[in-house]
Amino acid sequence: MPEMTDTMTALKSELTALVESATDLTAIETARVAALGKNGKITALMKSLGAMSPEERKTAGAALNVLKDEIAALIEKQEAALKKQALDQKLANEQIDITLSPRPERRGTIHPISQTMEELAAIFADMGFVVAEGPDIEDDFHNFTALNFPPGHPAREMHDTFYLPDDPEEKGEAAKKLLRTHTSTVQIRTMTKQKPPIRIITMGRTYRSDYDMTHTPMFHQIEGLVIDKDTHMGHLKGCLTDFCRAFFQVDDLPVRFRPSFFPFTEPSAEMDIGCSRKDGGLKIGAGDSWLEILGCGMVHPSVIRNCGLDPDEYQGFAFGMGIERIAMLKYGIPDLRTFFEADIRWLKHYGFDPLDRPNMATGS
Ligand code: PHE
């Protein structure tokens with residue numbers, strides 16, 4: 001059937017040209033209808049197959065099917081290309097300039113007290129201590145009596161305590177409210193609540209009525225407590241020596257323990273670290289001078305008994321130190337009062353990067 005072949009060849013080029021010349025989605029739809037629609041050219045040829053002999057129909061039918069598929073594929077391809085073109089066009093039109101610089105924001109810093117507390121937690125956590133907590137508003141029992149300061153004991157006077165009005169709902173020592181003068185209160189709170197072995201630190205605010213270059217009415221302390229069956233003075237010395245070397249990042253930092261007195265420890269000691277003073281500057285490390293850093297001692301048997309534990313069975317050590325003081329020494333901050341002035345320039349200078357948090361892995 002040569003005429004049929006010719007017709008198809010002509011139709012193919014005609015439809016191909018029609019599809020390829022379509023420049024938008026409406027034109028492509030028109031081309032589809034013209035070729036494959038109900039009254040389309042290929043559809044019309046399909047219909048003419050019925051009039052042919054079976055032989056002719058077989059070859060012409062197959063060829064016509066190939067043509068139909070080719071044109072359908074071409075339409076699809078052209079349509080996809082046009083859709084992509086339309087999308088690209090739309091994206092180009094809707095482009096926004098994301099290179100505009102953001103409003104400059106002041107980046108905050110971590111206060112040296114928070115930084116130091118995180119460092120302390122990291123070092124003591126590494127030694128197996130857990131963090132305990134206690135309230136700032138305390139009573140006479142937890143701040144003094146249970147810690148072996150009997151009523152009228154002169155050591156009470158040394159604490160410059162802020163007293164609060166008595167709590168009418170409590171009786172006796174529990175009614176006598178005050179702002180805790182030290183974190184040793186948490187020794188009592190822990191031992192009355194938890195059976196040994198105990199290995200805790202606690203960090204928080206403490207209050208004493210005092211104000212000068214090295215005293216503020218509110219300051220922070222860290223307290224440590226270890227209670228077990230055979231914890232001794234050697235453990236105290238080893239633990240605190242390791243702590244000072246890790247905290248001040250001086251591996252061979254000299255330390256010494258001097259006898260001292262606290263009502264709640266026996267024996268009691270103060271710990272010094274080595275330093276050198278030159279040209280008004282202070283350097284921590286081996287040198288010709290010493291700096292007092294903390295108070296410590298073996299927990300007094302009376303304190304253990306006051307907490308309901310048997311001092312013949314349990315013993316251990318405790319220590320306490322001022323967080324501002326060790327922060328000042330480590331970071332060279334000269335005046336304690338500046339910690340609480342909230343001066344943005346001071347915070348910018350002495351503050352720490354919020355994204356660079358202390359951990360034992362990096363040693364910071
Ligand atoms: N609580 C004592 C103080 O504030 C410090 C201390 C704590 C001493 C634990 C010995 C043991 O001065």
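Counting starts at 1 for both ligands and their atoms, following the listed order.
With hydrogens and angles disregarded, a donor-acceptor distance shorter than 3.5 Å links the side chain of Arg156 to the backbone of Phe149. The closest donor-acceptor contact from the side chain of Thr231 to the backbone of Ile227 lies at 3.5 Å or more, if one exists at all.
Relative to the six-membered ring of Phe247, Lys330 meets both conditions, a distance below 6.0 Å and an angle of at most 45° to the axis.
Residues satisfying the side-chain hydrogen bond (donor to acceptor under 3.5 Å, both in side chains) criterion with Glu76, sequence neighbours excluded, are absent altogether. Residues passing the side-chain hydrogen bond (donor to acceptor under 3.5 Å, both in side chains) test with Glu266: none are found, sequence neighbours excluded. Qualifying salt bridge (charged side-chain N to carboxylate O under 4.0 Å, His left out) partners for Glu292, counting only residues two or more places apart in sequence or in other chains: none.
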Identify all N/O pairs between ligand 1 and the protein with a separation under 3.5 Å and present them as a table of atom names and distances.
{"from": "ligand 1", "atom 1": "1 (N)", "to": "His182", "atom 2": "ND1", "distance (Å)": "3.0"}
{"from": "ligand 1", "atom 1": "1 (N)", "to": "Ser184", "atom 2": "OG", "distance (Å)": "2.9"}
{"from": "ligand 1", "atom 1": "4 (O)", "to": "Arg208", "atom 2": "NH2", "distance (Å)": "3.1"}
{"from": "ligand 1", "atom 1": "4 (O)", "to": "Gln221", "atom 2": "NE2", "distance (Å)": "2.9"}

